[in-house]
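Heads up, the thing below is written out as structure tokens.
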Amino acid sequence: MAVVRLDGLTKRYDRNHPPAAVGIDLEIADGEFMVLLGPSGCGKTTTLRMVAGLEAITEGTVSIDGRVVNDIPAKNRDIAMVFQSYALYPHMSVRDNLAFGLRRRKMPRVEIDRRVSDAAEILGLTVLLDRKPHALSGGQRQRVAVGRAIVRDPKVFLFDEPLSNLDAALRVSTRAEISALHRRLQATMIYVTHDQVEAMTLGTRICIMNGGRIAQVGRPMEVYRTPADTFVAGFLGNPPMNLLPGTATDAPGGCRLRVGGMRFDIPEHRTIPSAPGLAMTLGLRPERVTVRPTGSSTEVAITGEVVQVEALGAETLVSLRLPDVEPLMIARLPGDSEVAIGTRTEFFADMALAHVFDADGRSMTAQREREET
Ligand code: ATP
């Protein structure tokens with residue numbers, strides 16, 4: 001078990017391109033499941049590979065249990081990594097794939113057998129131990145890849161998009177297995193993905209990256225509820241938060257936002273004062289937009305033209321065109337909602353649950369909540 005700490009971790013592959021990762025400061029607690037989440041190219045894999053020792057560090061340090069490991073080769077870091085490609089030896093049985101690394105380390109045979117059978121038991125591979133990889137399903141192969149990490153009993157597990165080669169149903173079940181594995185082993189795990197559902201369901205905390213930098217770190221519901229900026233707000237959530245560009249206008253004791261042809265009074269506790277005329281963004285989660293009023297005193301009516309209705313069964317997504325506003329606003333309604341395309345319809349949103357972002361995209365709402373705690 002281990003604490004992993006990254007201080008100012010930076011990777012520059014070449015001078016002509018911006019760094020792949022810049023000034024990453026992150027502490028992963030003992031037994032924590034940290035997810036590195038972000039779009040393609042944001043530097044997640046590069047960061048993970050620097051932790052593993054597979055990528056040279058340009059600046060900064062990686063420490064494990066207080067010891068800087070920058071100069072320690074990957075094989076001596078006591079870290080096991082599970083890759084997207086299972087990288088199993090095709091000519092070896094599952095048992096031999098699991099045992100291979102331990103044999104190379106000249107571990108006593110009895111100990112190897114014990115570890116292989118324990119890992120097989122944990123992962124439900126016992127009956128498959130004599131099969132070759134070609135006779136396994138994708139999910140079973142991925143379990144063998146995880147098993148190879150488990151038998152090493154490492155201080156830290158690293159996962160690089162381990163589920164992305166699996167079909168949708170298998171992704172869901174394997175995700176649950178990884179979560180159960182973490183609960184069982186209580187080991188420190190760092191997991192790279194671009195899939196927000198994996199991040200939300202697996203992570204003790206999520207580190208969201210954007211352009212090689214950390215955008216926000218926090219518990220899943222914390223980052224969902226109080227995104228630090230418009231990038232995080234637009235990345236988490238499906239559909240993501242509605243981000244409607246507006247301008248601040250004067251309002252006594254709070255903030256009034258002009259968005260297209262509409263005005264929204266944001267309750268004082270949701271925002272910090274701002275000068276009239278400043279560009280701001282109003283953020284509304286689609287599930288916070290309703291067709292029936294809830295009766296809250298801070299609720300406002302928003303009338304728009306329904307341009308698209310997607311009935312998905314459990315929920316219905318409605319796209320609305322608001323007067324003089326780009327982009328469309330999305331409402332996520334219960335599946336039995338009846339809304340007709342082409343109609344002008346009144347929707348409701350509680351401004352006490354709205355988010356306000358400043359001209360640089362930073363959340364004034366999150367800032368306010370930080371000031372208050
Ligand atoms: P993905 O989800 O697509 O794997 P990522 O967030 O893991 O993306 P990285 O693979 O870490 O991103 O890449 C970050 C940046 O570094 C990208 O711009 C990528 O093109 C660049 N990069 C990655 N590996 C190398 C390399 N070996 N040489 C040069 N540039 C690289």
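Remember, it's 1-based here, ligands and their atoms both numbered in the order they're listed.
Within ligand 1, the atoms closer than 4.0 Å to a non-hydrogen atom of E161 are 2 (O), numbered from 1 in the order shown. Every atom of ligand 1 is numbered from 1 in the order shown, and the set under 4.0 Å from a heavy atom of P39 is 6 (O).
Checking side-chain atoms of N97 against main-chain N and O of S93 turns up a donor-acceptor pair under 3.5 Å. R171 places a side-chain N or O within 3.5 Å of a backbone atom of L166 that can act as its donor or acceptor partner.
At least one heavy atom of C42 sits less than 4.0 Å from an atom of ligand 1. In this structure, M209 does not count as a contact residue of ligand 1, since none of its heavy atoms falls inside 4.0 Å of the ligand. No heavy atom of G212 sits closer than 4.0 Å to any atom of ligand 1.
In terms of polar-atom proximity, G43 is counted as a contact of ligand 1, with an N or O under 3.5 Å from an N or O of the ligand. Checked against a 3.5 angstrom limit, the closest N/O atoms of K44 and ligand 1 fall inside it.
Among protein heavy atoms, the minimum distance from atom 23 (C) of ligand 1 is reached at Y13 CE1, 3.4 Å. Of the protein's heavy atoms, T46 OG1, 2.5 Å lies nearest to atom 11 (O) of ligand 1. In terms of protein heavy atoms, atom 4 (O) of ligand 1 is closest to T45 OG1, 3.7 Å. Taking atom 8 (O) of ligand 1 as the reference point, the nearest protein heavy-atom neighbour is G41 N, 2.7 Å. Protein heavy atom nearest atom 3 (O) of ligand 1, with residue, atom name and distance: S40 OG, 2.6 Å. Atom 16 (O) of ligand 1 has its closest protein heavy atom at A20 CB, 3.2 Å.
T294 and E299 form a side-chain donor-acceptor contact under 3.5 Å, judged by distance and modelled atom types alone. Defined by atom type and a distance below 3.5 Å, a donor-acceptor pair is missing between the side-chain atoms of T61 and N70.
In this structure, R95 forms no cation-pi arrangement with F100, as its terminal cationic atom is not both closer than 6.0 Å to the ring centre and no more than 45° off the ring axis.
None of R103, R104, R131 except one satisfies the salt bridge (charged side-chain N to carboxylate O under 4.0 Å, His left out) rule with D96; the exception is R103.
Between D265 and R256, at least one side-chain N (NZ, or NE/NH1/NH2) sits under 4.0 Å from a carboxylate O, which counts as a salt bridge. Salt bridge status for D65 with R67: absent, with no side-chain N to carboxylate O gap under 4.0 Å. Between D7 and R5 a salt bridge is recorded (basic side-chain N to carboxylate O distance below 4.0 Å).
For atom 20 (O) of ligand 1, the nearest protein heavy atom lies 4.0 Å away or farther.
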